[in-house]
Structures are given as C-alpha cells and as structure tokens.
Amino acid sequence: MSKFLLSHPVTFYEGINACFIIDLDMKKIIETENLSFYYGKRQILDHISVGFREHAISAITGPSGSGKSTFLMTINRLWEELNGAKMSGRVSIFLDHEKLDIYDRGVSLSWLRRKVGMVFQIPNPLPMSIYKNLVLPLQMAGFKKKEYLRSKVETVLKQAFLWSEVKDRLPDDARTLSGGQQQRLCIARAMILEPAILLLDEPTSSLDEKAAREIETLLFSLKKHCSLLMVSHDQAQVKRVADEVLELVDGRISELFTTPSSIRSTKSGIGHFRP
Amino acid sequence: MFRIALKIESGLRYVGWLVLLICFAFFNSPVRAAATDVFAGQVGSLRISGGTAHIPVMKEVAKLIMEAHPDIRISVAGGGSGLGIKQVGEGLVDIGNSGRKPTDNEMQKYGLVLHRWALDGVAVIVHRDNRVQVLTRSRLQDIYSGRLRNWRDLGGVDKEITVFTRDQGSGTRKVFWKKALRKEVTTNKALVVASNGAMKSGVAHNPYAIGYVSIGFLDKSLAAVALDGVMPSLETVQNGEYPVVRGLYSNTKGEVQGLTKSFIDFLFSPSGRKIISDKGLIPAAR
Amino acid sequence: MTRLFDLLLYAFTWLCGLILVGAFGTLVVFLLINGLLALDFELIFGSTAIGDALFLKRVVIDGLLPAIVGTCLLIIIALGTALPLGLGAGIYLAEYAGKISKSFFSLIFDLLAGVPSIVIGLFGFSLTLYLHKHFTSIMPCLLISGLALGLLVLPYLIRSTQTALEELPTTLRLTAAALGADQAATLRFVLLPQAVSGIFSGIILAIGRAAEDTAVIMLTGVVATAGIPRSLFSNYEALPFYIYYTASQFRNQQELQRGFGAALILLILCALLFTLAGLVRKKVSKRLMAK
Amino acid sequence: MKRSVRVGRPLVLAATAVGSLLTLAIFAFMMMLGRPLFSDHSLNLLLTQAWAPDRGLYGIFPFICGTLSLVGLSLLIAFPLSLGNAILIHLLAPRRLARFLHQTIKLMTGVPTVVYGFVGIFFLVPLIREWFFRGSGMCILSASLLLAMLISPTMILVFLESFAAIPTAHIRALEALGGTRRQKLVHVILPGAKTGIITGLLLALGRALGDTMIALMVAGNATAAPESVLDSVRTLTAHIALVMAADFDSMEFKTIFACGIILYLWTALLTLSLRYIHYNSTKLSHDQTF
C-alpha cells in the first residue's frame with residue numbers, strides 16, 4: 001500500500017501573493033497568478049498563485065467546498081458558462097514552452113477548450129451512439145473525412161483501453177456502457193482532440209473500486225500524451241497516482257508538495273519561494 | 001420459395017389495381033353537357049359572392065361547368081347583397097350578386113352593370129307543424145316588432161315566438177322590410193342569421209320559429225305562410241298577386257367579357273333557364 | 001359533521017367526473033351514430049370517380065375532397081411560414097437572449113398566444129384590404145389564410161422550441177463547451193438533435209390548431225364551393241368551414257349527413273394529432289428523466 | 001463554423017423581431033382601420049349605445065354584455081366542474097380510473113370548437129328549447145354549456161399540474177400527523193395550488209373570451225342585451241364574423257375593429273395579470289428558500 005512515503009511539506013504559507021515553483025528547471029504547463037474567484041458575493045478562490053509541471057499528474061485535494069472544481073474550471077474557462085461568476089488574476093498555459101495568457105482577448109474559447117480537455121465527476125456521455133460521442137468533438141472542430149474520423153476513434157479507444165470492449169458495439173447508445181466504461185469513453189472523447197492538458201474533476205468518485213483502478217492505470221499511461229490536472233478528495237488515490245499535490249482549504253493554498261516518486265523523476269524536490 | 005411467389009402475386013395484384021385505377025381515370029371521360037360547350041377551351045377562375053338566394057343556382061351552374069371543364073375554377077361565396085355589390089365594385093370578385101337592385105349611388109360609384117336573371121318572392125315561413133299558417137301584414141308587423149310574443153295569441157301553441165331575421169347587409173331583409181313589414185323596425189331580440197340557407201334550416205328545426213326566405217328555398221321541410229290571403233308560389237309571384245317580390249341580380253363592373261360573359265350568358269340560355277326554374281325561381285328575360 | 005363533508009366532497013367530485021366524461025361521451029356517440037354511416041368514399045369523392053378526382057381530371061363537387069385538400073394546403077402554408085420564424089425565435093429566447101430582452105420578447109409572444117383567432121383573422125383581412133388598395137390583384141385567398149394561420153400557430157412553435165431547449169440538462173451544455181464547441185456548434189451538434197422530439201410535439205400541436213381553426217379562415221377567403229385550388233391566390237374550401245357552413249345551410253338530409261361525416265373526420269384527425277403530440281412529449285420527458 | 005456563429009445569431013434575432021413586429025402590427029392595424037370610430041363618434045357612445053343601424057345607432061354595448069354574460073356563466077359552470085374533476089383525479093379516484101380520466105381530458109383538449117358548435121346545434125339546442133318554456137334554445141345557456149366543455153379540460157390540466165407541484169414533504173408532514181385525505185385537500189393542496197388555480201381560471205377565461213364558433217353557431221346572435229340566460233346574445237367575436245360579411249364602407253363594418261381592439265386589450269390584460277401572478281409567486285418561493 002505504502003508505495004509512496006509520506007510526503008513532506010515543502011512550503012506552507014498562510015499566504016497572499018505566493019508563487020510556488022517546485023523546481024527552477026522544471027518545465028511548467030500551467031501557471032496561475034493571483035487567481036481569485038467569486039461566485040456571487042462568495043469568494044471561492046483567494047489569490048492563488050501556483051504552477052504545475054508538464055507531463056505529470058498533478059492532483060488538487062482539499063475538503064469539499066474548498067474551490068477545487070472551480071480552480072479546474074478557470075483553466076479551460078468553463079466557468080464562463082455559469083451565471084453569476086467573476087474572476088480576477090491571470091492564468092497561463094505553456095504550449096511548446098511559450099507562455100500564453102488564456103484570458104487574453106485573442107484566445108478563442110473553442111480553441112482553448114480543444115487544447116485543454118476536461119473529464120467530469122459523473123461520466124457524461126452524450127445521449128447518442130458511442131461512435132458519435134467520439135467523433136462529435138472532431139466534427140465540431142470542422143473535420144469531416146470519414147476515414148480520418150474512424151482511424152482517430154480507433155486510436156483513442158486503444159489509448160483508453162476500451163477498444164477491445166466496444167469495437168463491436170460502436171453504434172450502440174453510449175449510455176448502455178458500464179460506469180467505468182463510460183468514464184473511459186469520456187476520457188477518450190477528450191483525448192481525441194489531442195489536448196495539451198487534461199483536466200479531471202474527481203473522475204473516479206462515482207465509480208466502484210475496480211473501475212477506479214482501471215481509470216488510474218489509464219491516467220498513468222496518458223502522461224506521455226499530455227499533462228493531467230486532477231481534482232480528487234481521495235487521499236489514498238492521490239498518493240497512488242499524483243506526482244505533485246496542491247491542497248486547498250477555503251480557497252487558499254494549504255499545502256503544496258511533491259510526492260517521492262516525482263522527486264526521483266525530477267531530481268530535485270526543493271520548492272522555491274518568490275515573493 | 002413459396003413465400004416469394006406469394007409476395008410476387010400480391011405485388012402483381014397491386015399493380016393490377018393501379019392499372020385499373022389509371023385506366024378508370026383516363027378513359028372514363030365525362031359526358032359533356034352540350035350546353036356548356038361555349039366554355040370549351042376557356043381557362044381561368046371566376047369569383048362569385050354576395051346574395052344567398054342566388055347560391056343554389058350559382059352552385060348548380062358552377063358544378064355543371066366545372067365538371068365538364070376542369071380547367072375552369074368557379075368559387076361561390078355568400079355574404080349577402082351588400083357585400084356582393086361592394087366586392088364587385090372594389091374588384092374583389094368578378095360577379096357580385098344582389099337580391100335587391102343596387103342603389104343609384106352604388107351603380108354610379110362603381111359603374112355597375114346589372115343582369116336580372118330571375119324573379120323571386122320573399123316568403124314568410126314557419127315550422128311545418130305550426131298551426132298558424134295564415135297571417136295579415138299587420139299581424140306580421142306585430143310579431144316582428146316584438147309586440148306579439150306568443151303563438152297562443154295567434155291560435156297556436158302556448159310557446160314564445162322565435163323571430164328570425166337576417167343581417168344588415170341582406171337584400172332579402174331589405175325587400176322584406178320594405179314590402180312585407182312596411183318599414184316597421186324589427187325587434188332586437190330576433191335571432192340573426194347570415195343567409196337564406198341558414199334561415200331555412202333554423203326555422204325548419206325550431207317548431208316555434210318564424211322567418212323569411214326566397215321562394216326558391218321553399219320545400220316540404222317547412223310551411224310557407226299565406227300573407228294577406230295569398231300563398232307565396234311561382235304563380236302568385238309571377239302574376240303579381242303576392243306582394244313581396246323582387247328580382248335577383250348578378251352585377252358586374254363595367255361590360256362583361258371572357259369567362260364572366262360566358263357565365264352570365266349561360267344564365268339566360270335555355271339550359272340556364274331550366275336550372276333557374278328547377279331551383280324554384282322564375283327565369284327572367286334579358 | 002366531518003363525515004358529511006367527506007361524503008359531500010366524494011359525491012361532488014364523482015358527479016363532476018361523471019358529467020364531464022358523460023358530456024364528452026355523448027358528443028362522440030352522437031357524432032358516431034349520425035356520421036359513421038356517412039363515412040365512405042362517396043363522402044370524400046362525391047359522385048366523381050375516384051381516379052378522376054385524384055388526377056384532377058374532374059372536379060369534386062358533392063364530396064369533401066376539395067375541403068380536405070384545402071385544409072392540408074393551409075397546414076402546409078401555415079407551417080411553412082411559421083416554422084422558420086418559430087424555430088428561430090424559440091432558439092433566440094432559449095439560447096441567445098439576455099435577461100431583459102428575453103422577458104420582453106416572451107411577453108410579446110404571450111400576448112400573441114392570447115390574441116383570439118378571430119382577431120388574427122381580422123388582421124389578415126384588413127391587411128388584404130390594405131394591400132388590395134395598392135395591388136389590385138391581392139384578394140382574400142389561400143395564401144393570406146395560410147399566412148394568418150401561421151401567425152396563429154407561431155406562439156405554439158416558439159414556446160415548444162424554447163422549452164424543449166431549456167429543459168435539456170445543463171451538463172449537456174457544459175460537456176459540449178468542454179469539448180471545444182462554441183454556442184453555434186453546441187446548438188447544432190448537441191442541443192437541437194436532443195430537443196428535436198420536444199419541438200416535434202409542438203409542431204404536431206400547431207398542425208392540429210391550424211387544421212381546426214375556423215375563425216381565421218372565415219375572414220380570409222374560404223368559400224363554400226371552389227374545388228381544389230389551382231393557385232395560392234384562389235379561393236378554397238376547408239374542412240372546419242365546411243362543417244360550419246353545413247350546420248346552418250344544409251338543404252337536405254344528405255348534406256346534413258355529409259356535415260356529420262366531416263365533423264367526425266375532423267374530430268378523429270384532431271384527436272389523433274393531439275394524442276400523437278402527447279405520446280411524443282411523454283417519450284421526451286421519460287428520456288430526460290432517464291438521463 | 002465561424003460563419004455559422006456570425007450568421008446564426010442575427011438570423012434568430014431577425015425571426016424574433018419579425019414575430020414581435022407582427023404581434024404589434026395586429027394592434028396597429030386595428031387602431032388604424034378603426035380610427036374613424038374614435039374621431040367621428042365619441043368612444044363613449046360606441047361603448048354604451050344600443051345596436052340599431054336602422055336608427056343610426058352603432059353601439060356595441062349589447063355585445064360586450066353578451067360576451068361577458070356568456071363567458072361569466074361558462075366559467076361559473078366550468079370552474080366547480082374542473083375543480084371537482086381535478087380533485088377526483090389527483091386524490092380520490094382509484095389509480096386506473098384516474099389515469100383514464102386524465103387521458104380522456106387530454107383528448108378533449110383536441111376537440112375542434114366547430115365540432116362543439118355542430119353538435120350543439122343538432123343535439124343541445126333542441127333539448128334546451130323543449131326543456132324550458134320560453135326561448136329558441138339558441139341562448140346563453142346552451143352556448144355556456146358548450147363553452148364550459150371547451151374550457152374545462154384546459155383548466156383541469158393546469159389544476160392538476162399545480163396539484164402535482166406541491167412539495168411531497170408538505171403532504172408527508174400532514175400524513176405523519178394522521179391527516180385524512182380531506183384535511184390534505186383543505187390544508188395543503190388547495191392553499192398550495194392557489195396560484196395554479198388562478199392561472200387555470202385566467203387561461204380558461206382567455207380561451208372563452210376568444211372563442212368564436214360556439215357563440216356564432218349556438219348563441220343566436222340577437223342584437224339586444226340579454227336579460228335572462230334563455231335570451232339569445234351576440235358576442236364580440238361573433239359580431240366580427242357576422243358583420244365581416246357586410247358591406248365594408250359602412251359604419252357598422254368599422255365597429256368590428258372596435259370589437260377587435262376590445263378583445264385584444266382584454267386578452268392582453270389577462271396575459272399581463274398572468275405574468276404578474278407568476279412573477280409574484282416565483283418571488284415568493286424565492287424568498288422562502290433563502
């Protein structure tokens with residue numbers, strides 16, 4: 001069970017305007033600066049400044065209501081679909097190591113969301129066939145060629161370890177799949193656009209233990225294709241899969257640490273603080 | 001194998017029926033009434049509206065023409081004499097019928113040409129079970145003004161009289177009001193109907209009703225009332241004994257031509273006159 | 001005391017149920033008794049041979065065919081014009097409108113839904129008169145009636161489109177957005193395909209309404225005898241007007257029989273349409289529940 | 001894709017605008033064509049005088065009375081009938097029967113009004129004529145009975161919807177206290193469905209006001225203001241239908257635009273009050289939850 005040793009807190013600041021960088025050499029994929037978020041009058045996030053590593057699984061944990069899911073939604077700007085929400089601060093992503101402010105005027109929402117995929121807590125296949133679910137994002141992005149769509153579907157289904165299970169029932173309604181299969185389908189659907197970042201909002205919390213483990217394995221294997229940012233309140237799961245962990249309490253950073261496995265892989269685990 | 005054969009057979013049967021149907025459609029050519037031959041080769045549509053006493057004749061003629069010449073469309077609408085005159089004047093219809101002579105004012109304003117093709121009377125009617133089938137004009141005035149309310153007072157059953165009258169634009173109403181009621185004002189409790197046909201079926205289905213229609217609408221389903229001792233009929237209207245008479249007019253804007261002319265001419269032709277008298281009216285000469 | 005109240009309540013409600021169902025039953029039975037015998041090919045085709053009638057070779061005078069065709073054409077024109085408008089406005093209200101414009105426009109369409117059909121007919125008629133002054137060829141006709149009926153059914157189409165879109169679960173929108181769809185793509189690829197049966201039930205209701213309404217067409221060009229219309233600008237016959245006309249103008253028992261037959265046909269047609277709309281709605285809500 | 005964004009929005013906005021403009025055009029047109037009425041005759045005379053074109057009186061007062069009495073009586077019949085039916089279906093009837101009733105009533109909403117009128121003429125009118133000493137059978141009573149039949153299904157369905165919307169928690173609470181079905185009805189269902197009941201009533205009122213065919217075919221169209229329910233009346237809607245077929249330069253023809261305007265304003269008033277009620281009730285429930 002204790003594959004990972006208990007992590008050690010690197011920094012802990014009751015903090016305002018804190019910027020954490022795990023490693024100076026580290027290649028960042030996401031960075032937030034002074035990110036605050038309001039829902040109506042309620043403050044959800046309070047000046048969060050944080051960065052996440054490329055090709056890793058970064059986990060966000062914390063008690064419920066601590067703003068984890070909201071944090072996730074600031075990275076693909078999905079919160080803009082909700083009413084009554086307000087945000088301040090900056091969020092950037094790094095594509096080919098070039099920093100890009102995603103709230104910049106020139107950034108198109110559709111483009112951003114194709115680059116930053118998302119998987120939800122409850123599997124949400126659309127009420128259509130398995131095949132249609134998978135090709136929909138491509139169609140919406142303007143791809144029309146049948147052979148291309150077919151080959152992409154096969155590729156992502158294989159990536160999601162789902163090909164052997166569903167290859168004969170592609171025309172079936174996606175909601176006939178089991179919960180775990182549905183969630184893997186949703187991951188495959190998100191991966192079909194080849195995103196640089198995949199956001200996961202408690203992807204296993206509605207599934208049973210076995211299905212959850214399958215998803216975890218899948219996430220491991222996806223690291224080579226993109227960077228993953230996952231919300232999870234399951235501490236054991238976080239220990240199992242996460243390379244680095246951000247803990248939020250009441251919209252503030254409570255802890256940020258890297259797990260031993262990632263220390264091994266990135267040589268240095270020392271966090272640096274820059275005011 | 002057997003099943004396939006069965007399918008083919010039933011399919012064939014279908015085709016057979018279809019062929020039969022098509023043959024039926026194309027070779028069962030209508031018997032052309034020679035009388036409507038003047039319409040041969042004419043196409044287009046003719047709109048007729050106005051007086052409702054005219055409708056049975058108009059419908060019959062239209063039917064005859066349309067059946068023989070499917071390229072001609074004739075639409076017949078009611079609405080009353082007032083509407084007919086106005087509509088033909090405004091150019092909304094080709095022929096505007098009226099059960100009264102258009103006023104000089106109307107004729108001048110619109111440049112109407114009148115075609116009086118029948119002589120008609122306006123008969124007072126009651127339900128056929130009604131015992132009261134003779135009235136004087138002053139009694140009629142009492143009934144229509146609302147002074148007389150019960151059939152008992154006229155020797156009938158002890159029931160309230162249901163008075164039927166026509167709408168304001170009606171030519172029948174105008175003639176009846178002038179010649180039968182001698183311009184007595186009608187009670188506003190009277191039920192108002194919009195056509196001769198509606199008046200007829202209204203009175204025929206109400207044992208306590210009284211109303212008035214064109215004599216063309218008289219039949220066994222209701223009883224005509226003898227007015228001042230004269231029974232309304234073709235003879236009494238023709239010989240002038242019955243007091244409430246009028247002409248039936250078809251009005252056109254300016255001189256007639258084309259389809260409209262053929263239609264009007266047909267009304268004065270022998271077969272047209274036959275239809276008019278079949279419908280219980282007296283054909284008039286040009 | 002309580003007992004008595006309970007008893008009265010029971011008696012009253014059961015009586016109410018009995019009266020209503022009894023009245024409806026009487027209506028149906030009365031129509032069936034009088035109209036069932038009239039239901040045959042002659043009712044529809046009159047004395048004309050069926051083949052001749054269908055191939056427009058001869059005109060059907062004593063049958064319902066022109067009236068049935070007229071009603072069908074009215075439905076087609078009404079839906080043809082109202083559908084694009086209704087879908088557009090419904091989509092706008094559900095997806096694009098801001099808070100203020102939404103409440104403003106829904107108030108307007110509520111007003112339209114409340115306008116009595118005869119007033120809409122009057123509008124069509126006065127519009128025709130107005131146009132006739134400038135273009136003498138425009139008269140009350142099939143096209144005008146169809147357009148006026150379109151206006152009559154427009155609110156039904158708007159409302160059903162709007163509700164069908166609005167009652168779709170929010171997750172559907174979020175999912176689509178997360179997959180990189182903009183508003184138009186979400187609508188085209190996800191929302192509209194999902195809302196289609198809801199919209200469809202609205203369309204069926206609109207058809208029923210257009211088939212049934214008499215007041216509008218009475219003012220805009222329906223006549224008793226016209227045959228199958230040749231063009232959009234000619235007069236026409238229609239089933240509901242035929243019923244109204246026969247009710248007051250029938251000359252003999254035969255014509256009355258035809259009136260009963262027509263009433264029965266219209267009743268069955270409308271009942272079928274409304275039941276179909278109900279079934280579609282049920283299916284929709286079931287599916288959304290399952291979700 | 002990009003193009004559909006740019007085209008889509010203006011397109012649906014245009015559809016909305018066209019629909020709204022048409023709605024307003026209805027009113028504008030009637031005002032325009034009925035204008036002579038407001039200038040030549042004082043509005044007051046129009047609304048209070050009797051109808052006697054022979055004497056130059058073109059008042060539509062009798063028709064306003066006719067409409068109101070017809071609609072009033074039909075609501076008086078239909079409201080208890082509908083409430084009774086709704087209670088029966090929601091609370092008292094066995095499940096299967098309730099479903100049957102519900103289905104029947106849904107089916108009834110589809111009955112064309114012209115069919116009601118047709119059956120009215122040949123079935124109801126002779127009955128009424130024979131049952132009562134006076135009158136022709138074509139009267140307020142006959143028309144109201146048919147009108148009640150026309151509007152009841154709408155009302156019942158709205159009532160049922162509002163009954164069903166009452167939170168089960170409230171009903172459970174009363175059941176836990178040992179409440180009977182009658183108590184449930186009196187203390188929870190009826191008070192809880194108050195808004196729904198008013199809504200149903202107003203909707204039915206609008207439907208009854210706007211109906212033309214039943215009044216035209218069955219109410220007799222007499223031009224006098226009614227004095228008893230056995231009197232024949234003419235409604236505003238029937239007046240439009242009847243006079244429409246008259247000469248359209250005359251004064252009487254212009255009165256139909258006055259009728260149209262009155263009907264439009266009445267139904268607009270109903271729509272606005274429905275809005276107001278709805279707004280208030282949602283505000284109330286909002287206040288309760290927070």
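So that the names make sense, note that chain A is the first sequence line, chain B the second, and so on, each numbered from 1.
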Q: Pick one of side chain, backbone, both or neither for C:Phe233, based on which atoms fall under 4.5 Å of a heavy atom in chain B.
A: backbone

Q: Name the region of B:Ile55, side chain, backbone, both or neither, that has any atom closer than 4.5 Å to a heavy atom of chain C.
A: side chain

Q: So, the side chain of C:Arg230 versus the backbone of B:Ile72: is there a donor-acceptor pair under 3.5 Å, distance only?
A: no

Q: Are there more than 12 heavy atoms of other residues, nucleotides or ligands under 6.0 Å from atom NZ of B:Lys189?
A: yes

Q: Has C:Phe30 got more than 12 heavy atoms of other residues, nucleotides or ligands less than 6.0 Å from its CZ?
A: yes

Q: Any idea which of B:Ile48, B:Asp71, B:Val93 has the most non-hydrogen atom pairs under 4.5 angstrom with chain C?
A: B:Asp71

Q: Roughly how far, to the nearest 0.5 Å, is NZ of B:Lys220 from CG of C:Asn252?
A: 12.0 Å

Q: Kindly give the heavy-atom pair with the smallest separation between C:Ala247 and B:Ser201, and that separation in Å.
A: O-OG, 4.2 Å

Q: To check you understand the geometry: which heavy-atom pair defines the closest contact between B:Lys59 and C:Thr225, and what is its length?
A: CE-OG1, 2.8 Å

Q: Please report the shortest heavy-atom distance between B:Val76 and C:Val223, naming the atom on each side.
A: O-CB, 3.7 Å

Q: What part of C:Tyr245 is in contact with chain B, defined as an atom under 4.5 angstrom from a non-hydrogen atom: side chain, backbone, both or neither?
A: side chain

Q: Stepwise, does the side chain to side chain contact (heavy atoms under 4.5 Å, CB included) test hold for C:Gln249 with B:Asn196?
A: CA-CA 8 Å; C:Gln249 318 263 4; B:Asn196 273 289; over 6 Å; no

Q: Tell me, for B:Lys63 versus chain C, whether the close heavy atoms (under 4.5 Å) come from the side chain, the backbone, both or neither.
A: both

Q: Of all the heavy-atom pairs spanning C:Cys141 and B:Arg47, show the shortest one and how long it is.
A: CB-NH2, 4.1 Å

Q: Nearest 0.5 Å, please: how far is CG in C:Asn235 from CD1 in B:Ile74?
A: 12.5 Å

